[in-house]
Amino acid sequence: MIHGVSAPDLLGETELPDGRTLGWAQWGPPEGTPVLFFSGAAMGRGLGFGADALGRLGARLIAVDRPGLGASAPLPGRTLESWATDVAHLAGRLELPEYGIVAFSQGTPFALACAEAGLPTAVAVVSGQDDLTHPAFADLLEPGLADLLRAVAADPEGFEREFAREADAAMMWRLAVGTSSEVDLAVYTDPDFAAVYRASLEEGFRQGPAGYVRDLVLAFGRWPFDPSLITVPVDLWYGGHDASSVHSPDHGAELARRIPASRRHLLPEAGGSLLWTHAEEILTSLLDAVRR
């Protein structure tokens with residue numbers, strides 16, 4: 001096992017009221033405290049984290065594919081609000097008691113939409129993307145990223161069509177390693193971890209690029225909820241060596257100011273890969289909040 005990554009203990013698909021299915025993968029004791037995992041950009045359900053700690057912590061990790069990615073049926077025109085509805089139905093069908101959510105990178109707005117809807121008991125955002133359209137970041141964004149945001153705002157549907165022509169698993173891998181610090185490259189390019197990571201990207205694109213590109217438009221557009229209305233505890237985890245321009249220009253400082261019940265953890269020695277290098281610390285804090 002490398003960086004707490006192992007094959008899932010269980011794979012499942014759950015039917016929603018409209019007949020669609022959501023695919024998920026599970027690790028850890030079935031009777032453990034449930035933790036839903038919303039992965040990063042284009043990642044399929046097969047890449048979890050903290051597998052070596054779940055038994056000790058009494059946690060049941062459930063990675064959920066968003067619609068159109070991996071094993072989850074597509075939902076044309078889906079929104080962050082519709083995702084929260086899907087998660088509510090999934091939790092009901094799986095008969096989950098109180099649960100937490102861990103979001104990595106681009107999974108952040110999907111987790112915070114659920115938090116604003118009052119679904120989880122607590123949330124952990126790890127190397128999370130902020131609402132990059134927020135005025136606080138106007139002068140902090142790299143020019144290429146600012147251009148992408150303007151393109152999404154001007155014509156979301158056109159952006160989806162154009163970006164889908166070049167988006168695939170190989171592109172996402174190049175993006176991940178091409179924007180990583182040395183700290184993160186040591187994790188991502190480890191041969192065993194890289195094999196699982198790249199398989200997760202292939203899994204995410206198995207239905208084609210539409211699911212990922214829709215995620216991108218939702219994450220890069222203005223978020224349709226107010227983070228200041230979130231009342232559940234939110235831990236914001238960032239690594240000082242995170243070099244990604246799309247996570248957070250200020251390592252979550254502005255996001256922490258906008259979420260009243262948030263705690264920001266900036267780990268100077270870590271990178272954007274801290275989900276895998278500091279999994280037990282992240283899970284312990286989340287589980288404490290859920291069980292309180």
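Keep in mind that the numbers below use all heavy atoms, side chains included, and drop hydrogens, waters and symmetry copies. Quick caveat: nothing in here was measured; it's all calculated off a predicted structure.
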J.: Which pairs pass salt bridge (Lys or Arg N to Asp or Glu O under 4.0 Å) with one or both residues in residues 174-202, sequence neighbours excluded?
T.: none
J.: Please list, one pair per line, the donor and acceptor atoms closer than 3.5 Å that link side chains of residues 285-292 to other protein atoms, with sequence neighbours excluded.
T.:
unit_1 : atom_1 : unit_2 : atom_2 : d
Ser285 : OG     : Asp235 : OD2    : 2.5
Ser285 : OG     : Arg263 : NH2    : 2.8
Arg291 : NE     : Thr33  : OG1    : 3.1
Arg291 : NH1    : Leu57  : O      : 3.4
Arg291 : NH2    : Thr33  : OG1    : 3.2
Arg291 : NH2    : Leu57  : O      : 2.8
Arg291 : NH2    : Gly58  : O      : 3.0

J.: Listing request: all side chain to side chain donor-acceptor pair (under 3.5 Å) pairs with a residue in residues 59-69, at least two apart in sequence or in separate chains.
T.: Gln26-Arg60, Arg66-Asp215
J.: Which residue pairs pass the side chain to side chain donor-acceptor pair (under 3.5 Å) test with at least one member in residues 146-163, sequence neighbours excluded?
T.: Asp147-Arg150, Glu160-Arg214, Glu162-Arg165
J.: Between Ile62 and Phe37, is any pair of side-chain heavy atoms under 4.5 Å apart?
T.: no
J.: Name all pairs fulfilling the side chain to side chain donor-acceptor pair (under 3.5 Å) condition that reach into residues 244-255, sequence neighbours left out, sorted by first residue then second.
T.: Ser105-His247, Asp242-His247, Ser248-Asp250, Glu254-Arg257
J.: Check the pair Glu81 / Phe225 against side chain to side chain contact (heavy atoms under 4.5 Å, CB included), numbers first and verdict last.
T.: CA-CA 9 Å; Glu81 295 96 332; Phe225 58 86; over 6 Å; no
J.: Asp131: what forms a side-chain hydrogen bond (donor to acceptor under 3.5 Å, both in side chains) with it, not counting sequence neighbours?
T.: Thr133
J.: So, Trp27 versus Phe49, ring centres under 6.0 angstrom or not?
T.: no
J.: Give me each pair satisfying salt bridge (Lys or Arg N to Asp or Glu O under 4.0 Å) with a member in residues 6-29, each pair once, sequence neighbours excluded.
T.: Asp18-Arg20, Arg20-Asp86
J.: Once the angle between the rings of Trp237 and His265 is folded into 0 to 90°, is it parallel (under 30°), tilted (30 to 60°) or perpendicular (over 60°)?
T.: parallel
J.: Quick one: salt bridge (Lys or Arg N to Asp or Glu O under 4.0 Å) pairs with a partner in residues 98-125, sequence neighbours left out?
T.: none
J.: I'd like to check the side-chain hydrogen bond (donor to acceptor under 3.5 Å, both in side chains) partners of His89; sequence neighbours left out, ordered by chain and number.
T.: none
J.: Is there a donor-acceptor contact under 3.5 Å from the side chain of Tyr188 to the main chain of Phe193?
T.: no
J.: Would Leu218 and Trp83 satisfy side chain to side chain contact (heavy atoms under 4.5 Å, CB included), going step by step from the backbone distance to the final call?
T.: CA-CA 11 Å; Leu218 295 178; Trp83 171 247; over 6 Å; no
J.: Where the side chain of Gln106 meets the backbone of Ala219, is there a donor-acceptor pair that is under 3.5 Å apart?
T.: no
J.: Hydrophobic clustering (ILVMFWY, side-chain heavy atoms < 4.5 Å, transitive) - are Tyr99 and Val102 grouped together?
T.: no
J.: Leu112 and Ile259: side chain to side chain contact (heavy atoms under 4.5 Å, CB included), yes or no, with the steps?
T.: CA-CA 10 Å; Leu112 295 182; Ile259 301 176; 4.2 Å; yes
J.: Is there a donor-acceptor contact under 3.5 Å from the side chain of Trp276 to the main chain of Val5?
T.: no
J.: Taking only residues two or more places apart in sequence or in another chain, which ones pass side-chain hydrogen bond (donor to acceptor under 3.5 Å, both in side chains) with Trp24?
T.: Thr14
J.: Give me each pair satisfying ring pair (Phe, Tyr, Trp, His ring centres under 6.0 Å) with a member in residues 111-168, each pair once, sequence neighbours excluded.
T.: Phe159-Phe163
J.: Would you please name every residue forming a salt bridge (Lys or Arg N to Asp or Glu O under 4.0 Å) with Glu142, sequence neighbours left out?
T.: none
